[in-house]
Amino acid sequence: MKTPPDIQSLIDLANEARKLAYVPYSKYRVGAALQTKSGKIYTGVNIESAAYPTTMCAERVAIFKAVSEGEREFETIAVVTDNGGSPCGGCRQVMAEFGLETRVLIANGKGELVKTMTVAELLPEAFTPEHLVNS
Ligand code: THU
């Protein structure tokens, strides 16, 4: 089945962004494209560090770029890797911070949609900002 054009173009943007991934250690390129409810798109790539744990994932780069520009409501995030890999736990948590209903598109390096789900499906029983109310 053919992927709808708006979904495909978000995947294509994430895939294109992957070219800028800074991955001298893992060589594993990840690209993300985040569409806000206001219609803007922010891309992100993974940025590695010689001090390995300070590496930042593509999804979080895209989300942090958006939030730092005043955007907090997200419609969809596309994540592209060579093999259609799934977002890590840390990225799932950051996605959950900004809404469990955000749609997550997972695609491979050919730009093919492998899986689609919501953040709620990706991170069941999420700890969210609501849990901190009245604490
Ligand atoms: N990576 C991401 O960018 N996003 C994820 O959700 C999973 C992992 C990056 C981090 C590191 O640069 C490389 O992939 C291998 O772990």
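First listed ligand is number 1; within each ligand, the first listed atom is number 1.
- Formation of a donor-acceptor pair under 3.5 Å by the T81 side chain with backbone atoms of V30 is not found in this model.
- Closest to atom 8 (C) of ligand 1, if we only count protein heavy atoms, is C57 SG, 3.9 Å.
- Of the protein's non-hydrogen atoms, N46 ND2, 3.4 Å is the one closest to atom 9 (C) of ligand 1.
- Judged by distance alone, with hydrogens and angles left aside, the side-chain atoms of N46 form no donor-acceptor pair with the main-chain N or O of A58 at under 3.5 Å.
- Here L122 contributes atom CG and R92 contributes atom CZ; the two are 4.0 Å apart, rounded to the nearest 0.5 Å.
- Proximity of a side-chain donor or acceptor of E48 to a complementary backbone N or O of S26 within less than 3.5 Å is detected.
- For ligand 1, the atoms lying closer than 4.0 Å to a non-hydrogen atom of Y28 are 14 (O).
- Between C88 and ligand 1, at least one N/O pair is under 3.5 Å apart.
- Between the side chain of T102 and the main chain of V119, no donor-acceptor pair closer than 3.5 Å is present.
- With distances taken over non-hydrogen atoms, the option nearest atom 3 (O) of ligand 1 out of A58, P87, S26 is A58.
- The backbone N or O of F98 lies less than 3.5 Å from no partner atom in the side chain of R72, so there is not a single donor-acceptor pair.
- Nearest-heavy-atom check against atom 6 (O) of ligand 1 across E59, M95, M56, R60 picks out E59.
- Shown here, atom 16 (O) of ligand 1 is out of close reach of the protein: none of its heavy atoms lies under 4.0 Å off.
- Any N or O atom pair closer than 3.5 Å counts here, and E48 shares at least one such pair with ligand 1.
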